[in-house]
2 protein chains.
Amino acid sequence: MYSSLDDVARAAGVSSATVSRALRDLPSVKPETKRRIQKLAHEMGYVISPSASNLATGKTRTIGLLTPWVNRWFFANIIEGAEKGLRQHNYDALLYTFHETPFEPRQRLDPQVLRRRVDGVLVLGLQLDDEEVASLANLDVPIIFLGPGHSKYTTVGIDDFGAATLIMNHLVELGHTKIGHIAGPDMEQFTNSPSAGRYRGWRSAVQSLDLPVDDAWRRDQSFDQASGMRATHGLLDAHPDLTAIFAATDTLAIGVMRALSQRGLKVGTDIAVAGIDDEETAKYVGLTTVRQDPRAQGVRSAQLLLSAMAGEETPLTDLGEIELIERASSGRISVRFMD
Amino acid sequence: MYSSLDDVARAAGVSSATVSRALRDLPSVKPETKRRIQKLAHEMGYVISPSASNLATGKTRTIGLLTPWVNRWFFANIIEGAEKGLRQHNYDALLYTFHETPFEPRQRLDPQVLRRRVDGVLVLGLQLDDEEVASLANLDVPIIFLGPGHSKYTTVGIDDFGAATLIMNHLVELGHTKIGHIAGPDMEQFTNSPSAGRYRGWRSAVQSLDLPVDDAWRRDQSFDQASGMRATHGLLDAHPDLTAIFAATDTLAIGVMRALSQRGLKVGTDIAVAGIDDEETAKYVGLTTVRQDPRAQGVRSAQLLLSAMAGEETPLTDLGEIELIERASSGRISVRFMD
DNA sequence: CTGTTAGCGCATTCAC
DNA sequence: GTGAATGCGCTAACAG
């Protein structure tokens, strides 16, 4: 069906071993012969059989992308970035999704399906427990985490504590002292989660204000708008005197804004709101936030994985850039729609 | 490193051929032996080598997912659906992205990279020209299209003309007669594109109103908010008397709403706006739209591909459900935020 | 610099 | 029902 190395070898009047060497551009082939073979192979439309190559070398040139969702801003972008970063180096990306809902736990990771199939694994925004990490490690291929990390493996992400601090400093500077927090999920089980880092940033800022640390000003939620709305109503029912709400993500923050609107409160005037992410919608609704670039993080995690597979040392953490974006929701700016 | 068929065979006291048969559950193995081997293989942690299996059978149990982006609502959801649909049948999904921008054309499809790597191809939301389709067909594996289709291949999608008609009927029912249209890209080259179908729906409705067909009431754009904004300003500068704007997608429609807001026009009161998609944000901004379910379309396209790979006939088109969702932007409902 | 040989791990004849 | 032999297409080790 397809032409094989042998076909090319026959046509070139050399052995298949030489063709193999020539096509891999090994230095041990006479330059002229090499060029001749490469040209011929191209003309014949020869394409290597990845399976045969893998069988012979043990290398698949494929990496596994493990992720809970693809239909969310953060995840879609890191996946896109990672795929791009891998493709550039001629690696294939195998996609594995593990749907999480607040109601039913996601399916557990079964690393068996990755066996002999990938040269490395990128764990994108997935919270794995120790047991899962251990079984992943059994695959004996490099692993890079993105987002919720692991203390023993290279983790790409942002300084979540720092991001929260940026927001809190901004709100405090505007005169706010009673600042509620809508936290993300997984804070109890995973102290390394972004949610936990952002929560600590909020808590630390509250403490430094010499205010009593009031965890009653906090609600834990999953990452969706509806959760943000629910949490806001609960929070304001209990503490109507809050003047600002810092949500762990923009999506939650937008839920907050909707809830405030339902209660007849004017965002940015009656009460300040801020999030983290700077996703597209943030600009539209005028949300103050901390910008991060998940696409760049995806590319970066791919690069680190390739390094690790090349046997190089990789740093334990790699933090992407963040930047405070001030918009109308925190009350400094009064126009609703900006560009 | 891993245990092989031979290892299991040795431990079971049978030949590797028998193990191979037993693990594939072929009927030609004595039931008792079969169970014994399956149990043993499981205990030994045996995992098949996909490459070796592929080399022997020619089947990769992998399909290629070709898509322009993953970081957009429609694409993220079809990818998620397709991956899920494939995983359920133990197929792997290989992700290939082809970034498109209005400025630089995307890289052309080079099907060579898919050679010997996939048993089938899902073309998700990608506009391929005839040459690309021809080279894809050379791979000699089944192909299913999702979104912009191809007249010779099974295409999953929605009735774009019908969706536009739903919107137009709704607007006309509300009394509108001067309805502008913000169309999507690729209408010229590809008459099979969703953009083209929606445009025809708009045009046909305009005609049936016995209005002069006025293509001056139309602007062609790429699928992003900024385009929608730009187009709106252009449209209203030229035709300030329009009372409604129908945008080809929600994202464009949201751009329209932003532009109207900039011009001091009140959406739903001064001017009606409608889109197509019903993405998450549509609810938040109160956008009237036609709901479609890209996730279900992704699952469906995976099912059809699996059928095709099994040698079954597949219908030329498979249309997903659509439904008109009336919200404040078309002026019927006056509250801004609903649930 | 190049060819020969052997083997990666499986599925498939063809015997028995 | 089961086993032995062969080949899928490539790379690696060893000669030369």
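Nothing here was measured: the structure is a model prediction, and the numbers come from that model. In what follows, chains are A, B, ... by sequence order, proteins preceding strands, each numbered from 1.
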Measure from [atom1] on [X] to [atom2] on [N] and round the result to the nearest Å.
{"X": "A:D6", "N": "C:dT2", "atom1": "CG", "atom2": "C1'", "value": "15 Å"}
{"X": "B:Y2", "N": "C:dC8", "atom1": "OH", "atom2": "P", "value": "16 Å"}
{"X": "A:N54", "N": "C:dC10", "atom1": "CG", "atom2": "C1'", "value": "12 Å"}
{"X": "A:L5", "N": "C:dT5", "atom1": "CG", "atom2": "P", "value": "18 Å"}
{"X": "A:R117", "N": "C:dG9", "atom1": "CZ", "atom2": "P", "value": "15 Å"}
{"X": "A:L23", "N": "C:dT2", "atom1": "CG", "atom2": "P", "value": "13 Å"}
{"X": "A:R36", "N": "C:dC1", "atom1": "CZ", "atom2": "P", "value": "14 Å"}
{"X": "B:L26", "N": "D:dG3", "atom1": "CG", "atom2": "P", "value": "14 Å"}

Choose from [options] the nucleotide whose nearest atom is closest to any side-chain atom of [X].
{"X": "A:R24", "options": "C:dT12, D:dT2, D:dA12", "value": "D:dA12"}
{"X": "A:A56", "options": "D:dA12, C:dT2, D:dC10", "value": "D:dC10"}
{"X": "B:R21", "options": "D:dA4, D:dC14, D:dT11", "value": "D:dA4"}
{"X": "B:L55", "options": "D:dG9, C:dC10, C:dT2", "value": "D:dG9"}
{"X": "A:A17", "options": "C:dC1, D:dG1, C:dT4", "value": "C:dT4"}
{"X": "A:T18", "options": "D:dA12, D:dG3, C:dT2", "value": "C:dT2"}
{"X": "A:K30", "options": "C:dT4, C:dC1, D:dT11", "value": "C:dC1"}

**Item:** Position toward the 5' end of DNA chain D (nearest nucleotide), B:K34 or A:V47
**Value:**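 On the 5' side of the pair lies B:K34.
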**Request:** Answer with base, sugar-phosphate or nothing: what part of the nucleic acid does B:T33 contact at a heavy-atom distance below 4.0 Å?
**Result:**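 Sugar-phosphate only.
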**Request:** Would you indicate what B:S28 reaches in the nucleic acid, counting non-hydrogen atoms under 4.0 angstrom: base, sugar-phosphate, or nothing?
**Result:**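 If one applies the 4.0 Å heavy-atom cut-off, B:S28 turns out to touch a base.
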**Greater than 12 external heavy atoms within 6.0 Å of B:Q88's CD** =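 More than 12 heavy atoms, drawn from other residues, nucleotides or ligands, come within 6.0 Å of this atom.
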**Message:** Surrounding CD of A:E43 (heavy atoms of other residues, nucleotides or ligands, distance under 6.0 Å), is the total greater than 12?
**Reply:**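 More than 12 heavy atoms, drawn from other residues, nucleotides or ligands, come within 6.0 Å of this atom.
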**Message:** Students often mix this up, so state it plainly: with edges at 30° and 60°, are the rings of B:W69 and B:F75 parallel, tilted or perpendicular?
**Reply:**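 Perpendicular, since the angle between the ring planes exceeds 60°.
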**Asked** Is the closest side-chain donor-acceptor distance between A:T60 and A:N54 under 3.5 Å?
**Response**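 No, because no side-chain N or O of A:T60 sits under 3.5 Å from a partner of the opposite role on A:N54.
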**Prompt:** So, A:Q38 versus A:R35: side-chain donor-acceptor pair below 3.5 Å or not?
**Reply:**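 The criterion, which ignores hydrogens and geometry beyond distance, is not satisfied for A:R35 and A:Q38.
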**Message:** Pick the closest DNA chain C nucleotide for B:T57 and for A:P27 by heavy atoms, then say which residue is nearer the 5' end.
**Reply:**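 Result of the comparison: A:P27.
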**Item:** Under-4.0 Å side-chain N/O to phosphate OP1/OP2 contact, B:S15 with D:dG3
**Value:**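 B:S15 to D:dG3 OP1/OP2: side-chain N or O found under 4.0 Å.
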